[in-house]
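Read the structure below first, then the notes.
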Amino acid sequence: ILGYDDGHTERLNPIEMKELMDEYEIPTVPIVDEHFKIPATCDELLAICGGPSAVDGEMREGLVFRSIDGSKSFKAVDNQFLLKYHG
């Protein structure tokens with residue numbers, strides 16, 4: 001979210017945000033799939049949330065999903081991550 005001197009704000013979508021950060025050489029988390037389709041069930045969604053992190057290769061905490069306009073988002077946390085660190 002960008003803030004301006006006159007008080008108004010502007011929300012960038014995830015692609016615009018990544019492009020802006022790249023311009024200033026500011027690292028961001030990777031965008032895994034720009035055209036991802038949400039699975040039909042929570043179980044299917046959680047099944048893809050685990051695995052190695054694209055950042056450091058360690059256990060991935062989960063995935064954040066954002067609408068293309070950036071107005072809606074949610075995070076799905078991998079059950080194995082929860083068991084390891086919060087179980």
Side-chain angles (χ1 to χ4, degrees):
I1 299 174
L2 303 174
Y4 296 92
D5 290 338
D6 65 3
H8 85 277
T9 61
E10 176 184 357
R11 180 182 294 270
L12 300 179
N13 71 45
I15 307 305
E16 293 168 331
M17 181 272 308
K18 175 93 171 86
E19 290 171 351
L20 178 64
M21 296 298 106
D22 287 349
E23 183 179 328
Y24 290 97
E25 298 180 8
I26 299 171
T28 63
V29 296
I31 295 175
V32 177
D33 185 350
E34 292 178 21
H35 306 288
F36 183 78
K37 302 288 186 217
I38 300 291
T41 69
C42 287
D43 288 338
E44 290 174 297
L45 183 66
L46 289 173
I48 64 168
C49 289
S53 168
V55 174
D56 61 10
E58 297 295 320
M59 177 184 266
R60 181 167 53 209
E61 180 178 345
L63 295 171
V64 174
F65 300 87
R66 294 197 195 285
S67 60
I68 195 63
D69 67 359
S71 67
K72 297 177 183 77
S73 67
F74 69 94
K75 181 176 188 176
V77 179
D78 176 47
N79 286 328
Q80 295 305 312
F81 180 89
L82 290 173
L83 287 172
K84 182 174 181 175
Y85 293 103
H86 301 285

Exercise for review: Evaluate the side-chain contact (heavy atoms from CB on, under 4.5 Å) criterion for residues Val77 and Tyr85: first the C-alpha distance (whole Å), next the side-chain angles of each, then the deciding distance (0.1 Å), finally the verdict.
Suggested key: CA-CA 12 Å; Val77 179; Tyr85 293 103; over 6 Å; no
Point to revise | Residue pair Phe81 / His86, side-chain heavy-atom distance below 4.5 Å | key: yes
Exercise for review: Kindly check if the number of other-residue, nucleotide or ligand heavy atoms within 6.0 Å of CG (Asp6) is above 12?
Suggested key: yes
Practice item. Spell out, as yes or no, whether a donor-acceptor pair under 3.5 Å connects the side chain of Arg60 to the backbone of Cys49. Key: yes
Review point. Where the side chain of Glu44 meets the backbone of Ala40, is there a donor-acceptor pair that is under 3.5 Å apart?
Key: yes
Which heavy atom in [X] sits nearest to a heavy atom in [Y], and how many Å separate them?
X: Leu46; Y: Ala76; value: CD2-CB, 4.3 Å
X: Gly70; Y: Arg11; value: O-CD, 3.0 Å
X: Pro14; Y: Ile68; value: CD-O, 3.7 Å

Rounded to the nearest 0.5 Å, what separation is found between the [atom1] atom of [X] and the [atom2] atom of [Y]?
X: Phe74; Y: Leu45; atom1: CZ; atom2: CG; result: 5.0 Å
X: Leu2; Y: Leu12; atom1: CG; atom2: CG; result: 4.5 Å
X: Asp78; Y: Lys84; atom1: CG; atom2: NZ; result: 11.0 Å

Review point. In terms of hydrophobic clustering (I, L, V, M, F, W, Y; side-chain heavy atoms under 4.5 Å; direct or indirect links), are Ile48 and Val32 co-clustered?
Key: yes
Scan the side chains in residues 20-29 for donor-acceptor partners under 3.5 Å anywhere in the protein, sequence neighbours excluded, and list what turns up.
from	atom 1	to	atom 2	distance (Å)
Asp22	OD1	Lys18	NZ	3.0
Asp22	OD2	Lys18	NZ	3.3

Practice item. Walk me through it: do Phe36 and Leu63 pass the test side-chain contact (heavy atoms from CB on, under 4.5 Å)? Key: CA-CA 12 Å; Phe36 183 78; Leu63 295 171; over 6 Å; no
Review point. What residues form a side chain to side chain contact (heavy atoms under 4.5 Å, CB included) with Thr9, not counting sequence neighbours?
Key: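 Once residues adjacent in sequence are excluded, the partners of Thr9 under the side chain to side chain contact (heavy atoms under 4.5 Å, CB included) criterion are Ile1.
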Review point. With no hydrogens and no angle check, do the side chains of Ser67 and Asp69 hold a donor and an acceptor under 3.5 Å apart?
Key: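 The answer is yes; a qualifying pair exists.
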